[in-house]
Colleague: 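I have a structure I would like to understand better, so I am pasting it below and will then ask my questions one at a time.
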Number of protein chains: 4
Amino acid sequence: MGGTMDGTKQQRRGDTRQRIQDVALALFAEQGYEKTSLREIAERLGVTKAALYYHFKTKEEIIVSLFEDLTRPLGELIEWGRQQPHTLETKQEIVRRYSEALAAAAPLFRFMQENQATVRELRIGDTFKSRMTGLRDIIIDPEARLTDQVRCVSALFTLHAGMFVMQDLEGDPEERRKAVLEVAIDLVTQAHQGAHGDA
Amino acid sequence: MGGTMDGTKQQRRGDTRQRIQDVALALFAEQGYEKTSLREIAERLGVTKAALYYHFKTKEEIIVSLFEDLTRPLGELIEWGRQQPHTLETKQEIVRRYSEALAAAAPLFRFMQENQATVRELRIGDTFKSRMTGLRDIIIDPEARLTDQVRCVSALFTLHAGMFVMQDLEGDPEERRKAVLEVAIDLVTQAHQGAHGDA
Amino acid sequence: MGGTMDGTKQQRRGDTRQRIQDVALALFAEQGYEKTSLREIAERLGVTKAALYYHFKTKEEIIVSLFEDLTRPLGELIEWGRQQPHTLETKQEIVRRYSEALAAAAPLFRFMQENQATVRELRIGDTFKSRMTGLRDIIIDPEARLTDQVRCVSALFTLHAGMFVMQDLEGDPEERRKAVLEVAIDLVTQAHQGAHGDA
Amino acid sequence: MGGTMDGTKQQRRGDTRQRIQDVALALFAEQGYEKTSLREIAERLGVTKAALYYHFKTKEEIIVSLFEDLTRPLGELIEWGRQQPHTLETKQEIVRRYSEALAAAAPLFRFMQENQATVRELRIGDTFKSRMTGLRDIIIDPEARLTDQVRCVSALFTLHAGMFVMQDLEGDPEERRKAVLEVAIDLVTQAHQGAHGDA
DNA sequence: CATGAATGAGTTTTCATTCAT
DNA sequence: TATGAATGAAAACTCATTCAT
């Protein structure tokens with residue numbers, strides 16, 4: 001009992017925490033946070049509920065840990081952005097990298113997009129909001145016309161929408177991602193030129 | 001006991017159903033559908049949970065009824081749109097009217113925006129999705145370039161974002177609504193001109 | 001289905017709250033508060049756990065309600081005591097009546113005696129402590145010698161011990177109660193005379 | 001890694017069992033037995049729960065071991081008492097020594113005082129009860145009047161109360177201990193004289 | 001039109017305990 | 001001597017729903 005060579009149970013030693021996160025994220029994204037019970041997560045993993053509590057103190061801690069692990073690149077992007085000059089090139093680069101960060105952690109962002117009410121009540125809510133604000137403030141010129149400010153926010157939102165809502169548009173995913181990115185960059189560009197002279 | 005003349009309780013005769021809907025929508029929008037219990041709704045109304053069941057067969061029926069009552073104008077808008085020629089003017093008008101429909105039922109749309117995971121599982125999910133698709137198909141030219149299709153979806157999303165996410169932008173609400181509308185119309189216009197050859 | 005004349009289920013209509021209190025107190029006194037689960041209470045009553053929650057918001061509320069209902073006479077006794085002159089007769093009367101109050105709510109006091117650690121953490125802890133202090137201050141002369149103060153506290157404690165610890169002494173209960181009361185009154189008398197001259 | 005010279009961890013080699021007992025007793029006395037979890041004890045010690053199981057087979061064994069270790073003097077006291085003649089001096093000496101034994105193991109006795117319901121269910125319950133009975137039988141004359149028997153039990157109880165309940169009386173602890181002892185001895189003396197002639 | 005009383009199925013969480021290493 | 005990982009059983013509590021009155 002408990003053979004050593006077969007990978008089924010063996011290779012899992014030590015990575016349970018990771019596996020919990022994976023399964024949890026998949027289920028949270030699919031059904032929502034509240035509708036996903038710990039029983040369900042545990043069952044799908046073939047462990048008991050109590051095992052989850054060995055690795056995470058509460059249900060909330062599971063989603064918080066996911067958020068922290070997966071949005072780290074986003075935090076770094078903002079850090080980077082803050083230190084750049086507010087040129088058009090910087091803004092475009094931000095949009096480009098944000099699009100990549102989004103794609104890299106797609107399931108988490110889908111979850112956050114579709115469970116905003118929940119996220120707002122969770123500890124991560126504020127963190128995320130402040131990050132989005134940080135991002136916004138990098139691409140928005142404070143003295144820009146309101147319309148152009150809207151364009152910037154709209155650019156970010158377009159990226160989000162691109163991930164989750166435009167999936168039934170024609171074309172293959174990569175093509176679509178490019179198109180979405182183009183529109184977003186276009187919006188930021190228009191906003192920048194609106195603010196900086198340019199007939 | 002149970003005086004007849006004072007307006008406090010009297011006025012309310014017969015409109016209990018309506019009051020349930022109001023309170024429910026407020027709570028659903030504020031805390032999310034799953035986190036709002038019937039007990040909470042009943043308590044805020046000063047009635048018992050059982051009373052809710054006199055007016056609605058299930059919890060889901062409450063949200064469904066809200067959806068049906070409040071999105072009727074949206075259905076009519078789509079109906080109207082379908083019968084118009086697909087000119088730029090029509091598209092712009094659609095966007096303008098959609099913006100109004102959104103504002104008229106803001107709490108419901110906020111709810112739907114922030115509880116997409118929930119909505120998807122509910123009966124209303126499909127209905128809503130098909131409406132959004134209908135709307136999209138009116139403003140999108142099927143033979144347009146992918147980028148321009150994205151612009152159209154983005155226009156709709158900008159309107160949504162305008163309602164719920166851009167509230168911390170400067171300016172008073174009315175000004176903001178106009179700016180948002182301007183950007184949306186602009187997106188649709190760009191898309192249309194991209195598709196219909198122009199200078 | 002649901003006959004009308006047999007008393008088994010019928011006469012219980014409306015007194016469920018009372019029955020919960022009765023069963024709960026019996027179990028709390030027998031096994032302690034923490035070791036008594038709501039499941040156990042519910043089972044013994046032939047209802048579901050959820051039914052308990054219809055009548056009491058939490059487990060703690062059950063014991064709090066018992067405490068409030070059953071110690072009311074004690075509160076009144078203290079009120080009465082405060083308004084009397086601090087004569088020996090008053091003190092003796094207090095002891096006598098306290099003994100009666102104790103006997104009248106014996107299971108509750110047994111519970112509190114045997115679960116002091118629990119009681120301390122519960123909401124009732126402070127209330128009870130302040131009552132005991134109030135009682136003490138009526139029978140203690142603040143300027144009395146320390147020994148006599150101790151005698152007064154000891155008198156109260158003797159009454160408690162009489163209820164729960166001396167049950168294996170010889171004699172029938174009534175006789176024992178009298179003997180305990182005599183010793184307690186004696187202690188208070190000694191204390192009073194120690195403080196007020198008297199060879 | 002894991003230096004050898006600093007006393008922090010080194011001193012502790014071998015005395016883990018003792019340290020578990022110390023921490024456990026402190027927590028049991030403070031919060032009660034049931035409300036104290038092994039996790040809490042382990043955390044406070046900086047070890048894992050499993051380490052506790054190396055030293056004690058069960059949670060109950062921890063409290064049992066404490067009881068056995070700390071009440072040994074009490075057992076010897078009773079042994080000694082049984083072999084003495086039942087004179088007044090012996091009784092007074094018993095009370096005096098009991099008071100000391102109580103003070104020497106105050107936290108344990110506080111625990112037992114405040115968790116009687118728990119203690120009763122534990123293995124130590126019977127042992128302790130039989131000891132108290134043993135003690136009682138030494139200072140009680142079986143042919144004494146009921147009142148005087150009560151006085152003897154009351155004397156013991158007064159000692160207990162003196163440890164835990166009278167802490168908010170005036171005076172410094174040592175003074176208080178003496179006063180309590182005086183009252184207890186007085187009670188035993190009265191009882192003895194009541195039984196042995198004396199007008 | 002509405003309530004009082006209750007239920008069944010579920011939730012998150014905690015706990016003492018085990019065991020291979 | 002100890003730990004890391006896990007379990008089984010149970011706890012308190014919540015919820016949507018039902019139904020006789």
Side-chain angles (χ1 to χ4, degrees), chain A residues 1-2 9 12-17 20 34-42 45-62, chain B residues 9 12-17 34-42 45-62, chain C residues 1-2 4 9 12-17 34-42 45-62, chain D residues 12-14 16-17 34-42 45-62:
Chain A
M1 189 182 289
K9 278 241 161 184
R12 285 171 174 170
R13 178 83 50 62
D15 65 344
T16 304
R17 194 189 143 93
I20 293 172
E34 343 263 351
K35 299 255 291 185
T36 303
S37 71
L38 296 183
R39 178 182 53 67
E40 214 173 344
I41 297 175
L45 279 166
V47 297
T48 59
K49 275 174 290 165
L52 305 186
Y53 278 90
Y54 178 76
H55 294 280
F56 299 94
K57 268 208 282 292
T58 62
K59 186 184 179 187
E60 183 169 352
E61 228 198 64
I62 299 180
Chain B
K9 280 236 161 183
R12 286 166 175 174
R13 214 194 312 118
D15 64 345
T16 302
R17 193 190 144 92
E34 342 263 351
K35 298 255 288 189
T36 302
S37 69
L38 294 185
R39 177 177 56 64
E40 216 173 342
I41 297 174
L45 278 166
V47 299
T48 57
K49 270 182 293 172
L52 305 185
Y53 279 88
Y54 179 81
H55 295 278
F56 298 94
K57 265 209 286 291
T58 64
K59 186 185 180 187
E60 183 168 353
E61 227 198 64
I62 298 179
Chain C
M1 188 185 288
T4 332
K9 280 242 160 182
R12 283 169 177 171
R13 180 81 50 64
D15 65 344
T16 304
R17 194 190 143 93
E34 343 263 352
K35 299 255 289 185
T36 303
S37 71
L38 296 184
R39 179 182 52 68
E40 215 174 344
I41 298 175
L45 279 166
V47 298
T48 58
K49 274 176 291 166
L52 305 186
Y53 280 92
Y54 178 77
H55 294 280
F56 299 93
K57 267 207 284 291
T58 62
K59 186 184 179 187
E60 183 168 351
E61 226 198 66
I62 299 181
Chain D
R12 287 168 173 173
R13 212 192 316 118
T16 303
R17 192 190 145 93
E34 342 264 352
K35 297 256 288 188
T36 302
S37 70
L38 296 184
R39 178 178 55 64
E40 215 173 343
I41 297 174
L45 280 166
V47 298
T48 57
K49 269 182 295 172
L52 305 184
Y53 278 89
Y54 179 80
H55 294 281
F56 299 95
K57 267 208 286 288
T58 64
K59 186 185 181 187
E60 183 168 353
E61 228 198 63
I62 299 180

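The figures here come from the full heavy-atom set of this structure, side chains too, leaving out hydrogens, waters and symmetry mates. The structure displayed is predicted, hence computed values, not measured ones. Letters A, B, ... are given to chains in the order of the sequence lines, protein chains preceding strands, and every chain is numbered from 1.
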Colleague: Output the distance between atom OG (Ser37(A)) and atom NZ (Lys49(A)), rounded to the nearest 0.5 Å.
Modeller: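 Reported to 0.5 Å precision, the distance equals 8.5 Å.
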Colleague: Produce a footprint string for nucleotides 13-18 of chain E: one letter per nucleotide, 5' end first; B if the base is under 4.0 Å from any protein heavy atom, S if only the sugar-phosphate is, - if neither.
Modeller: BBBBBB
Colleague: Taking OP1 and OP2 of dA6(E), is either one under 4.0 Å from a side-chain nitrogen or oxygen of Thr16(C)?
Modeller: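 Thr16(C) to dA6(E) OP1/OP2: side-chain N or O found under 4.0 Å.
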Colleague: Can you name the closest pair of heavy atoms from Ala42(C) and Thr48(C) and give their distance?
Modeller: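 Shortest heavy-atom contact: CB-C, 3.8 Å.
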Colleague: Think Tyr54(C) has a side-chain N or O under 4.0 angstrom from the OP1 or OP2 of dA5(E)?
Modeller: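 Affirmative; the distance criterion is met.
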Colleague: Would you kindly give the CZ-to-P distance between Phe56(B) and dA2(E), to the nearest whole Å?
Modeller: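 Going from CZ in Phe56(B) over to P in dA2(E) covers 12 Å.
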Colleague: Mind checking what makes side-chain contact (heavy atoms from CB on, under 4.5 Å) contact with Phe56(D), not counting sequence neighbours?
Modeller: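 Phe56(D): side-chain contact (heavy atoms from CB on, under 4.5 Å) contacts with Arg17(D), Ile20(D), Gln21(D), Glu61(D), Ile62(D), Ser65(D).
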Colleague: With a cut-off of less than 4.0 Å, is there a side-chain N or O of His55(C) near OP1 or OP2 of dA6(E)?
Modeller: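 Answer is yes, contact under 4.0 Å.
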Colleague: Which nucleotide, dT3(F), dT7(F), dA5(E), lies nearest any side-chain atom of Thr48(A)?
Modeller: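 Closest of the options to the side chain of Thr48(A): dT7(F).
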Colleague: So that I can compare with my own list, what are the stems of DNA chain F, taken as at least three consecutive Watson-Crick or G-U pairs with distances under 3.5 Å?
Modeller: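 Correct response: E:2-21 with F:2-21.
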Colleague: How would you list, by chain and number, every residue that makes a side-chain hydrogen bond (donor to acceptor under 3.5 Å, both in side chains) with Glu60(B), sequence neighbours excluded?
Modeller: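 Partners of Glu60(B) under the side-chain hydrogen bond (donor to acceptor under 3.5 Å, both in side chains) test: none.
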Colleague: Please check: side-chain N/O of Lys35(D) versus main-chain N/O of Glu34(C), any donor-acceptor pairing under 3.5 Å?
Modeller: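 No, because the side chain of Lys35(D) does not come within donor-acceptor range (under 3.5 Å) of the backbone of Glu34(C).
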Colleague: Using every non-hydrogen atom in the two residues, find where Leu38(A) and Tyr53(A) come nearest and quote the distance to one decimal.
Modeller: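 That would be CD1-OH, 3.2 Å.
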Colleague: In whole Å, I'd like the distance from the CD1 atom of Ile20(A) to the P atom of dA5(F).
Modeller: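 Answer to the nearest Å: 11 Å.
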